[in-house]
Amino acid sequence: SGYHRMLTHKAATFPKFLERLWVLCGVCSLEGSPLWWVCVHRIHHQHSDENGDPHSPRESFFWGHMQWIYTADPRQRSLSTFEKYIPDLMTDPFLRWLHRGNKWILVYVVHALLIAAIGFGLGFLIEDTTEAAVQLGTQIFVWAVLVRTVYVWHITWFVNSASHRWGYRNYETNDRSRNNTVVAILTNGEGWHNNHHATPRACSQGHRWWEVDLTYTFVRALQVVGLAWEVVPVKVPAQYRGQESGVGIQDTSPRESSP
């Protein structure tokens, strides 16, 4: 959630070394340039499930899940869009360095090669034959780089797709966001998406006792030892208060979006 809760919504503040580490975790999952990712997500919140939303699944689950990524949208790459949506991040030299010339791809490649070197090195160190060493190195590379990257891609995309189509709603927000238990488990709390759309800046996305949010738990642990501060509490807007009586009622029917 470095890209999401930390950069996009400023839900918590961390020491600079941890902030850089969280960003690198996103880069090493091939999530894209942090500046681009945050820009797209802020656009999503402004136009959620309306015209202008980059990845609403209202027309197609596949579009909301991944098709939008492979469809050219000049708006997402223009300097004027960046200046409008992420002026607070445009001055960060580290984020600018990653973005310019797509250096974030270079970082991903270097990290993949490093894991491969460790895997094959370990193979030749502990295995008796070249064949066994190569097999072990290949297995480590496939699981630690390829499978992990694809897995993180899809659980991230499920927040955009599944959590805007299936699940229950604690709050009647002006979009189709849902709390999806399966996605929440897979993403350490990101699947409590209706809660998030009701209170985007709140660090905790689990608003009920059963809505476990391990990301928030981790941030609170860091806060206890002084490695996180300015953790934004849950403050439900007035228009959503008093709606909690409907919690737990499954609502999977699509709603008509505003024109």
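Since the structure is predicted, the reported quantities are computational estimates derived from the model, not experimental observations.
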Rounded to the nearest 0.5 Å, what's the gap from CH2 on Trp22 to CZ on Phe17? Could you check? 8.0 Å
When rounded to the nearest 0.5 angstrom, what is the spacing between CD in Gln223 and CD in Glu230? 10.5 Å
Does Phe141 have any ring-ring contact (aromatic ring centres under 6.0 Å, His included) partners at least two apart in sequence or in another chain, and if so, which? none
My understanding is that only residues two or more places apart in sequence, or in another chain, count here; which of them pass side-chain hydrogen bond (donor to acceptor under 3.5 Å, both in side chains) with Ser56? Asp49
Checking the side chain of Arg169 only, and the main-chain atoms of Ser177 only, is there a donor and an acceptor separated by less than 3.5 Å? yes
Quick check: closest heavy atoms across Leu136 and Gly123, and the distance to 0.1 Å? CD2-CA, 3.6 Å
Are the side chains of Tyr108 and Val145 in contact, using a 4.5 Å heavy-atom criterion? yes
Measuring from Cys39:SG to Leu7:CG, what's the distance to the nearest 0.5 Å? 13.0 Å
Is it the case that one hydrophobic cluster holds both Val23 and Met90, taking links as side-chain heavy atoms less than 4.5 Å apart, direct or via other members? yes
Can you list the residues that meet the ring-ring contact (aromatic ring centres under 6.0 Å, His included) rule with Phe61, with sequence neighbours excluded? His65, Trp166
Scanning both residues in full, the closest heavy-atom pair of Ser29 with Arg148 reads OG-NH1, 3.7 Å
Over all atoms of both residues, closest heavy-atom pair of Gly191 and Ser163: O-OG, 3.8 Å
Taken in chain and number order and not counting sequence neighbours, the residues that satisfy side-chain contact (heavy atoms from CB on, under 4.5 Å) with Ser48 are His44, Asp53, His164, Asp175, His197
Partners meeting side-chain contact (heavy atoms from CB on, under 4.5 Å) with Trp229 (sequence neighbours left out): Thr13, Pro15
Could you go through Ile69 and Trp153, starting from their C-alpha distance and side-chain angles, then the distance that decides it, and tell me whether this counts as side chain to side chain contact (heavy atoms under 4.5 Å, CB included)? CA-CA 11 Å; Ile69 296 174; Trp153 277 350; over 6 Å; no
Apply the test side chain to side chain contact (heavy atoms under 4.5 Å, CB included) to residues Thr187 and Thr156: give CA-CA distance (whole Å), side-chain angles for both, the deciding distance (0.1 Å), then the verdict. CA-CA 7 Å; Thr187 59; Thr156 301; over 6 Å; no
Quick check on the hydrophobic clustering: are Leu227 and Met6 connected, directly or via other members, by side-chain heavy-atom contacts under 4.5 Å? yes
I'd like to know if the side chain of Arg178 reaches the main chain of Asn194, judged simply by a donor and an acceptor atom lying under 3.5 Å from each other, with no hydrogens or angles considered. no
CG/Leu21 to NZ/Lys16 distance, rounded to the nearest 0.5 angstrom? 13.5 Å
Can you sort out the partners of His47 under side-chain hydrogen bond (donor to acceptor under 3.5 Å, both in side chains), two or more places apart, ordered by chain and number? none
Just by modelled atom types, is the Gly52 backbone N or O under 3.5 Å from a matching donor or acceptor in the Arg75 side chain? yes
Evaluate side-chain hydrogen bond (donor to acceptor under 3.5 Å, both in side chains) for Tyr240 paired with Thr199, printing each intermediate quantity in order. CA-CA 10 Å; Tyr240 303 140; Thr199 58; over 6 Å; no
hydrophobic_cluster_shared for Phe218 and Tyr216, side chain cutoff 4.5 Å: yes
To the nearest 0.5 Å, what is the distance between OG1 (Thr138) and CG (Leu146)? 10.5 Å
Checking Thr130 now: which residues fulfil side-chain contact (heavy atoms from CB on, under 4.5 Å) with it, not counting sequence neighbours? Phe124, Val134
Nearest heavy-atom contact between Gly32 and Tyr3 is O-OH, 2.8 Å
same_hphob_cluster(Leu106, Leu113) at 4.5 Å side-chain heavy-atom cutoff: no
Check which hydrophobic residues are tied to Val182 through side-chain heavy-atom contacts below 4.5 Å, counting indirect links as well, and list them. Tyr151, Val152, Ile155, Leu186
Can you check side chain to side chain contact (heavy atoms under 4.5 Å, CB included) on Lys235 and Arg201, steps first, answer last? CA-CA 9 Å; Lys235 293 183 179 179; Arg201 286 210 62 217; over 6 Å; no
What I'd like to find out is whether the side chain of Met66 reaches to under 4.5 Å of the side chain of His154, using heavy atoms alone. yes
Between Phe82 and His99 (judged by ring centroids, cut-off 6.0 Å), do the two rings come close enough to count as a pair? yes
Apart from Val212 itself, residues in the same hydrophobic cluster as defined by side-chain heavy atoms under 4.5 Å: Leu214
Is a donor on one side and an acceptor on the other found under 3.5 Å between the side chain of Arg100 and the backbone of Arg96? no
Taking the six-membered ring for Trp, are His41 and Trp37 parallel (under 30°), tilted (30 to 60°) or perpendicular (over 60°)? parallel
Does Val232 sit in a hydrophobic cluster with other residues, and if so which ones, taking ILVMFWY side chains as linked at heavy-atom separations under 4.5 Å, directly or through other members? none
By side-chain contact (heavy atoms from CB on, under 4.5 Å), Asn195 pairs with (sequence neighbours left out) Asn170, Tyr171, Asn179, Trp192, His207, Glu211
What heavy-atom pair brings Thr149 and Cys28 nearest, and what distance separates the two atoms? OG1-O, 4.4 Å
Mind listing the closest non-hydrogen atom pair of Gln205 and His196 along with its distance? NE2-ND1, 3.5 Å
Say you draw a straight line from CD1 of Ile115 to NE2 of His111; how long is it, rounded to the nearest 0.5 Å? 4.0 Å
Sub-3.5 Å donor-acceptor pair from the side chain of Ser161 to the main-chain atoms of Pro57, do we have one? no
Among the clusters formed by ILVMFWY side chains lying less than 4.5 Å apart, do Ile43 and Val159 turn up in the same one? no
Backbone N or O of Leu95 within a donor-acceptor pair of the Trp104 side chain at under 3.5 Å? no
Does any pair with a residue in residues 213-227 pass salt bridge (charged side-chain N to carboxylate O under 4.0 Å, His left out), and if so which ones, sequence neighbours excluded? Arg5-Asp213
Candidate pair His193 and Asn180, rule side chain to side chain contact (heavy atoms under 4.5 Å, CB included), full reasoning: CA-CA 7 Å; His193 205 51; Asn180 188 298; over 6 Å; no
